[in-house]
**Q** 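Could you have a look at this structure, given as structure tokens, before my questions?
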Amino acid sequence: MPSQMTEHGYSKLNAFERCPRYYYFSHVLKLQSKKLAMAPTFGSVMHKGREEWLKNGRSLQHAVDGVKLILQQFVEEGWSNFSDPMEIEEFTNYCLRGIYEYHMQYKDDTIEYIPEGLEVDFKLPFEHSYFTGRLDGVCILNKMVWVDEFKTTGMTAARYLSNMTMDGKCTAYVWAARKAGFTNVQGVHLDVMVKKPRKTGFEFVRDILPKTDFQLEQWERATKELYRRMYWCEQEGYWPEHYHSCSNMFGSCPYMDLCRFGATEQLINAQFVRREEVKEDDD
Ligand code: SF4
């Protein structure tokens with residue numbers, strides 16, 4: 001079986017479902033828009049800060065150090081597209097304010113996080129292949145076990161929670177957590193940080209999304225079918241376009257010009273960089 005077909009994380013499945021051609025550009029050729037490739041995301045910075053916070057007994061100092069560390073890495077790797085030092089400082093201060101407010105909101109909460117479940121990579125055999133990913137955490141709430149998912153969003157809290165009700169990734173990660181040994185996981189504990197307009201602060205929302213056995217079985221069945229379609233595309237060397245996915249509420253597909261004019265080397269080199277692993281937006 002070809003090497004790129006041996007492992008799939010949720011973002012790959014999502015990309016293929018969105019549009020097989022999009023998947024080909026983003027995960028086979030690994031093309032990332034030069035504009036996006038240079039931008040650190042608020043979500044990825046908060047993830048790192050919260051990870052250090054949880055691993056170190058809800059320590060603000062460790063959270064701040066985590067935020068500073070990942071921002072430093074962004075700068076060293078050339079990920080910062082800020083030409084103006086003032087912009088770097090503004091983004092840094094926004095992230096530090098975010099982790100500080102998160103700490104103040106939850107420093108005394110009573111949720112128990114299982115140490116073996118924090119930032120755990122999984123690689124599970126699936127349909128002659130693997131399903132891979134990383135759990136943010138596994139926690140105990142109301143004497144029940146939940147997959148912990150941390151999110152940041154610019155949507156309103158009500159809209160975001162409504163969108164997440166049937167979110168595929170949440171279902172996938174409950175399925176994965178059970179297969180990885182957390183057999184009594186009931187669903188997802190969502191921890192959402194809502195960015196207010198014009199960077200005026202944050203709103204914090206938590207909720208649970210219970211998952212039924214029926215949902216997990218349906219996810220497994222649908223995903224096996226998806227793997228089979230991906231394998232077929234790989235074998236045929238044909239990645240069909242799904243034109244209904246070219247633009248949505250988040251904007252236009254970054255590969256639009258490649259679909260309009262052809263994926264020539266000249267056009268690819270003008271608009272994209274090739275990354276070993278395409279970074280995911282944690283928002
Ligand atoms: S522009 Fe449309 S058809 Fe082309 S890769 Fe993007 S989503 Fe697919």
Side-chain angles (χ1 to χ4, degrees), residues 1-44 78-79 81 126-127 129-134 149 151-155 159-160 162-173 218-219 221-283:
M1 192 171 285
S3 60
Q4 62 263 46
M5 297 304 292
T6 57
E7 288 182 26
H8 297 300
Y10 188 77
S11 70
K12 282 189 178 180
L13 300 180
N14 208 22
F16 186 81
E17 264 194 314
R18 172 180 177 174
C19 169
R21 194 82 181 149
Y22 177 92
Y23 170 87
Y24 172 70
F25 290 137
S26 62
H27 287 91
V28 179
L29 297 186
K30 297 182 168 63
L31 303 181
Q32 194 164 40
S33 146
K34 284 182 176 172
K35 196 170 157 224
L36 289 176
M38 302 298 279
T41 69
F42 178 74
S44 56
W79 273 63
N81 64 335
F126 191 81
E127 192 64 9
S129 181
Y130 292 98
F131 179 58
T132 61
R134 170 175 282 210
E149 271 283 298
K151 301 283 186 188
T152 63
T153 181
M155 291 183 200
R159 180 161 187 192
Y160 190 76
S162 168
N163 283 358
M164 293 302 285
T165 307
M166 291 298 284
D167 180 65
K169 184 182 175 189
C170 286
T171 309
Y173 276 34
Q218 291 300 104
W219 178 83
R221 186 176 172 188
T223 306
K224 280 182 178 170
E225 172 57 25
L226 199 60
Y227 270 56
R228 284 193 278 272
R229 278 191 278 139
M230 290 168 86
Y231 186 60
W232 181 87
C233 288
E234 174 74 11
Q235 292 299 295
E236 296 294 316
Y238 173 57
W239 307 89
E241 291 89 352
H242 282 187
Y243 294 115
H244 62 270
S245 300
C246 301
S247 43
N248 59 27
M249 61 184 289
F250 299 112
S252 299
C253 172
Y255 306 116
M256 212 174 256
D257 282 350
L258 301 185
C259 289
R260 293 173 69 202
F261 303 110
T264 63
E265 275 302 306
Q266 194 181 16
L267 194 51
I268 288 174
N269 291 336
Q271 295 192 8
F272 301 93
V273 291
R274 292 175 199 261
R275 286 198 175 271
E276 250 330 284
E277 270 310 314
V278 176
K279 303 232 180 195
E280 291 184 40
D281 190 338
D282 291 319
D283 278 11

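These values consider heavy atoms only, across backbone and side chains, with no hydrogens, waters or symmetry-generated copies. Each ligand, and each atom within it, is numbered from 1 in the order the structure gives. This is a predicted model, so every value here is computed, not measured.
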**Q** Residues two or more places apart in sequence or in another chain: which of them pass side chain to side chain donor-acceptor pair (under 3.5 Å) with T132?
**A** none

**Q** Taking L31's backbone N and O only, do any of them form a donor-acceptor pair with Y255's side chain (distance below 3.5 Å, no angle check)?
**A**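 Indeed, once roles are kept as given, a pair shorter than 3.5 Å links the two residues.
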
**Q** With sequence neighbours left out, what residues match E17 under side chain to side chain donor-acceptor pair (under 3.5 Å)?
**A**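 Partners of E17 under the side chain to side chain donor-acceptor pair (under 3.5 Å) test: none.
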
**Q** Identify which one of Y10, W219, Y227 satisfies the ring pair (Phe, Tyr, Trp, His ring centres under 6.0 Å) criterion when paired with F131.
**A**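 It is W219, the one option of Y10, W219, Y227 that forms the ring pair (Phe, Tyr, Trp, His ring centres under 6.0 Å) with F131.
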
**Q** If waters are left out, how many protein N/O/S atoms lie within less than 2.8 Å of atom 4 (Fe) of ligand 1?
**A**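 My tally for this metal is 1.
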
**Q** What distance do H27 atom NE2 and F16 atom CZ have between them, rounded to the nearest 0.5 Å?
**A** 12.5 Å

**Q** My understanding is that only residues two or more places apart in sequence, or in another chain, count here; which of them pass side chain to side chain donor-acceptor pair (under 3.5 Å) with E236?
**A** none

